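What follows is a single structure, written as structure tokens, with notes after it.
As the structure is a computational prediction, the values presented were derived from the model and not from experiment.
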Amino acid sequence: MNELEKLPNIGKTVAQQLEDVGVHTAQELADLGSRNAWLRIQANDPSACYNRLCALEGAIRGIRWHDLSADLKADLKEFYQSHKL
């Protein structure tokens with residue numbers, strides 16, 4: 001298990017996707033931010049979904065993505081809608 005897999009919401013697949021786009025640590029993910037990390041993942045995997053974006057945000061905050069506030073989820077949804085392929 002790598003460091004990223006220890007974060008909430010991050011399993012082997014998403015951890016590997018993060019590694020593939022140059023994100024190797026929790027700090028690198030936090031510095032990059034969920035939106036930019038998701039955009040990088042989407043460039044390699046056009047099926048990157050809204051739930052993955054929320055998972056990244058939750059991982060940065062140290063919580064399950066289901067526990068993100070409704071306002072934050074709405075903001076992420078708007079970002080996703082404007083950037084999905």
Side-chain angles (χ1 to χ4, degrees):
M1 175 182 289
N2 71 26
E3 177 183 340
L4 293 169
E5 289 179 64
K6 294 176 185 174
L7 297 172
N9 314 308
I10 306 297
K12 288 183 181 192
T13 300
V14 176
Q16 185 59 57
Q17 289 179 324
L18 287 166
E19 292 273 343
D20 291 346
V21 299
V23 178
H24 306 287
T25 67
Q27 187 60 54
E28 289 175 344
L29 176 58
D31 290 345
L32 184 61
S34 61
R35 291 163 180 84
N36 288 324
W38 181 84
L39 287 170
R40 286 186 183 185
I41 289 172
Q42 184 193 43
N44 287 343
D45 178 5
S47 73
C49 63
Y50 165 72
N51 289 346
R52 194 164 317 163
L53 175 59
C54 289
L56 294 168
E57 183 64 33
I60 290 169
R61 293 170 181 261
I63 61 174
R64 295 287 299 154
W65 73 267
H66 302 88
D67 296 329
L68 295 171
S69 72
D71 288 343
L72 180 54
K73 286 182 188 177
D75 185 46
L76 292 171
K77 182 70 137 181
E78 183 178 320
F79 175 85
Y80 169 76
Q81 293 290 348
S82 66
H83 291 88
K84 70 179 180 175
L85 299 178

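For the pair L76/R35, a side-chain contact is recorded, criterion being any heavy-atom separation below 4.5 Å from C-beta on.
Minimum interatomic distance between E3 and Q27 (heavy atoms only, all atoms of both residues): OE2-N, 4.5 Å. When all heavy atoms of Q17 and I41 are compared, the pair lying nearest together is OE1-CG2, 3.7 Å. The shortest non-hydrogen separation linking N9 to W65 is OD1-N, 3.1 Å. Shortest non-hydrogen contact noted between V14 and I10 is CG1-CD1, 3.8 Å. For the residue pair Q42 and L85, the shortest heavy atom distance occurs at NE2-N, 3.2 Å. Taking every heavy atom of both residues into account, R52 and S47 meet most closely at NH2-O, 4.3 Å.
Surrounding CD of Q81 are more than 12 heavy atoms belonging to other residues, nucleotides or ligands, all under 6.0 Å away.
Note: L56 CG to L32 CG = 9.5 Å, rounded to the nearest 0.5 Å. Taken to the nearest 0.5 Å, the OG atom of S34 stands 8.5 Å off from the CG atom of L68. How far OG1 of T13 is from CG of L18: 11.0 Å, rounded to the nearest 0.5 Å. Distance check, rounded to the nearest 0.5 Å: CD of E57 to CG of D75 gives 9.0 Å.
No donor-acceptor pair under 3.5 Å is formed between the side chain of W38 and the backbone N or O of G33. One N or O on the side chain of K73 and one on the backbone of H66 form a donor-acceptor pair closer than 3.5 Å.
Residues meeting the ring-ring contact (aromatic ring centres under 6.0 Å, His included) test with H83, sequence neighbours left out: F79.
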Candidate pair D45 and D20, rule side chain to side chain contact (heavy atoms under 4.5 Å, CB included), full reasoning: CA-CA 11 Å; D45 178 5; D20 291 346; over 6 Å; no
